Chemist: 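Take this structure first; my questions come after.
It should be emphasised that the depicted structure is a prediction, and the values quoted were computed from it without experimental measurement. Chain naming here is simple, since letters A, B, ... match the order of the sequence lines and numbering starts at 1 in each.
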2 protein chains.
Amino acid sequence: MNKILTISEWEIMRVIWTLGEATSNQIIHIMYSKKKWQPSTVKTLLNRILQKGFLKTNGARRNRLYSPTIREHDAMSQTLQTTINSMCSMAIGSALIDLFDDIPLSHSDIVKLQTLLTQKIKNAPETINCDCLPGDCEDCK
Amino acid sequence: MNKILTISEWEIMRVIWTLGEATSNQIIHIMYSKKKWQPSTVKTLLNRILQKGFLKTNGARRNRLYSPTIREHDAMSQTLQTTINSMCSMAIGSALIDLFDDIPLSHSDIVKLQTLLTQKIKNAPETINCDCLPGDCEDCK
DNA sequence: ACCTATAGTTTACATCTGTAGACTTAAAAG
DNA sequence: CTTTTAAGTCTACAGATGTAAACTATAGGT
């Protein structure tokens with residue numbers, strides 16, 4: 001599946017991931033208090049997400065339960081990966097470093113990240129090549 | 001400016017950032033070899049980016065030079081930040097950790113990241129709260 | 001068994017995106 | 001000076017997205 005959740009769809013998915021499963025009614029109420037979205041908006045989004053395959057239902061004709069078909073975690077990585085794939089490989093590192101300044105990370109996240117980096121540095125290349133131009137990019141040296 | 005570059009627009013921007021500035025003709029050729037995009041496609045994209053304010057021109061009526069109004073770096077952080085803002089704060093950390101496994105990072109990027117984390121861990125909170133439901137999220141403990 | 005409220009389905013519509021052909025006009029060539 | 005060529009502008013069009021009203025049918029109440 002190469003579909004991608006949009007920003008609005010993410011808002012819906014977040015509440016379902018958090019609740020584990022939910023009825024449209026629940027989601028409608030939550031989205032109203034979070035965003036003042038109208039019931040129809042939520043219903044439309046729910047169907048679109050269903051079509052994209054990120055949600056499934058228990059099949060009930062009424063008070064149907066919606067639940068995720070993918071872990072939040074995996075969806076996040078996927079979405080971020082897609083975004084990053086359209087950017088210059090050479091510049092990703094420093095952009096992420098910048099980003100990290102603003103992103104709230106828990107103590108344990110940081111420890112995990114440090115462990116990962118300690119591993120990763122062992123085989124890290126000296127430089128990452130720019131892949132913005134066809135062929136070799138002389139300007140990137 | 002709260003505009004965001006789309007995936008296709010990123011492709012164009014990447015070459016301009018790499019070259020510093022460029023004529024439409026240059027970009028047309030490069031995009032043809034990279035993506036087989038037709039000249040019109042590039043022209044349209046160029047204008048849309050201009051309208052969004054991420055590019056400016058030198059005003060020439062012909063062989064006009066296009067150049068960025070924002071650093072690649074900053075555009076990257078901005079775009080990633082927007083994406084991340086629609087996700088659960090609590091889950092970002094571990095999603096990024098996952099991501100890092102696949103992202104190529106240079107030796108020096110990793111060192112910088114390590115330095116940053118060493119700083120960041122000093123004031124890191126024990127946990128980051130989930131912000132997917134309105135009010136306090138009991139399910140996230 | 002009948003009514004009603006509401007969950008679920010259809011339709012709507014403006015804007016954005018991806019992709020590109022057609023048209024205009026002025027710079028370059030002859 | 002006229003012609004040609006190509007850079008820049010306009011138009012196009014299907015599909016995605018954000019946002020929501022209108023419609024339908026049935027589960028649950030009386």
Chemist: Evaluate side-chain hydrogen bond (donor to acceptor under 3.5 Å, both in side chains) for A:Asp109 paired with A:Ser106, printing each intermediate quantity in order.
Modeler: CA-CA 5 Å; A:Asp109 282 337; A:Ser106 73; 3.3 Å; yes
Chemist: Ion pair present between A:Arg14 and A:Glu72, side-chain N to carboxylate O less than 4.0 angstrom?
Modeler: no
Chemist: Starting from P on C:dT6, measure out to NE2 on A:His29 and report it in whole angstrom.
Modeler: 10 Å
Chemist: Roughly, in whole Å, what's the span from CE in A:Met31 to P in D:dA20?
Modeler: 11 Å
Chemist: Any Lys/Arg nitrogen of B:Asp101 or A:Lys120 sitting under 4.0 Å from an Asp/Glu carboxylate oxygen of the other?
Modeler: no
Chemist: So which protein N/O to nucleotides 26-28 of chain D N/O distances come out below 3.5 Å?
Modeler:
none

Chemist: Taking OP1 and OP2 of C:dG8, is either one under 4.0 Å from a side-chain nitrogen or oxygen of A:Ser24?
Modeler: yes
Chemist: Specify the separation, in whole Å, of atom CD of A:Gln26 and atom C1' of C:dG8.
Modeler: 16 Å
Chemist: Is atom NE2 of A:His73 surrounded by more than 12 heavy atoms (other residues, nucleotides or ligands) closer than 6.0 Å?
Modeler: yes
Chemist: Cation-pi between A:Lys34 and A:Tyr32: NZ/CZ under 6.0 Å from ring centre and within 45° of the ring axis?
Modeler: no
Chemist: Take atom CG of A:Asn47 and atom C1' of D:dT17, then tell me their distance rounded to the nearest Å.
Modeler: 15 Å
Chemist: Take atom CD1 of A:Ile49 and atom C1' of C:dG8, then tell me their distance rounded to the nearest Å.
Modeler: 16 Å
Chemist: Using the 3.5 Å cut-off, write out each protein N or O paired with an N or O of nucleotides 13-20 of chain C and the distance between them.
Modeler:
{"unit_1": "C:dT17", "atom_1": "OP2", "unit_2": "B:Lys52", "atom_2": "NZ", "d": "3.0"}
{"unit_1": "C:dG18", "atom_1": "OP1", "unit_2": "B:Ser8", "atom_2": "N", "d": "3.4"}
{"unit_1": "C:dG18", "atom_1": "OP1", "unit_2": "B:Ser8", "atom_2": "OG", "d": "3.4"}
{"unit_1": "C:dG18", "atom_1": "OP2", "unit_2": "B:Thr6", "atom_2": "OG1", "d": "2.6"}
{"unit_1": "C:dG18", "atom_1": "O5'", "unit_2": "B:Ser8", "atom_2": "OG", "d": "3.4"}
{"unit_1": "C:dG18", "atom_1": "N7", "unit_2": "B:Arg48", "atom_2": "NH1", "d": "2.8"}
{"unit_1": "C:dG18", "atom_1": "O6", "unit_2": "B:Arg48", "atom_2": "NH2", "d": "3.1"}
{"unit_1": "C:dT19", "atom_1": "O4", "unit_2": "B:Arg48", "atom_2": "NH2", "d": "3.1"}
{"unit_1": "C:dA20", "atom_1": "OP2", "unit_2": "B:Thr41", "atom_2": "OG1", "d": "3.0"}
{"unit_1": "C:dA20", "atom_1": "N7", "unit_2": "B:Thr44", "atom_2": "OG1", "d": "3.3"}
{"unit_1": "C:dA20", "atom_1": "N6", "unit_2": "B:Thr44", "atom_2": "OG1", "d": "2.4"}

Chemist: Rounded to the nearest Å, what distance is computed from the CG atom of residue A:Leu46 to the P atom of nucleotide C:dT6?
Modeler: 18 Å
Chemist: Could you tell me the separation between the CG atom of B:Asn58 and the C1' atom of D:dA7, rounded to a whole number of Å?
Modeler: 13 Å
Chemist: Of the listed nucleotides (C:dT9, D:dG8, C:dA7), which one gets closest to any side-chain atom of A:Asn25?
Modeler: C:dA7
Chemist: Drop me the distance from A:Met87's CE to B:Trp17's CH2, to the nearest 0.5 angstrom.
Modeler: 8.0 Å
Chemist: Can you measure from CG (A:Leu5) to CD (A:Glu11) and round to the nearest 0.5 angstrom?
Modeler: 11.5 Å
Chemist: Take atom CG of A:Leu65 and atom C1' of C:dG8, then tell me their distance rounded to the nearest Å.
Modeler: 14 Å
Chemist: Using a 6.0 Å cut-off, check whether atom NZ of A:Lys35 has over 12 heavy atoms from anything other than its own residue.
Modeler: no
Chemist: On a heavy-atom basis, which atom in B:Gln81 and which in A:Leu99 lie closest, and how many Å separate them?
Modeler: OE1-CD2, 3.2 Å
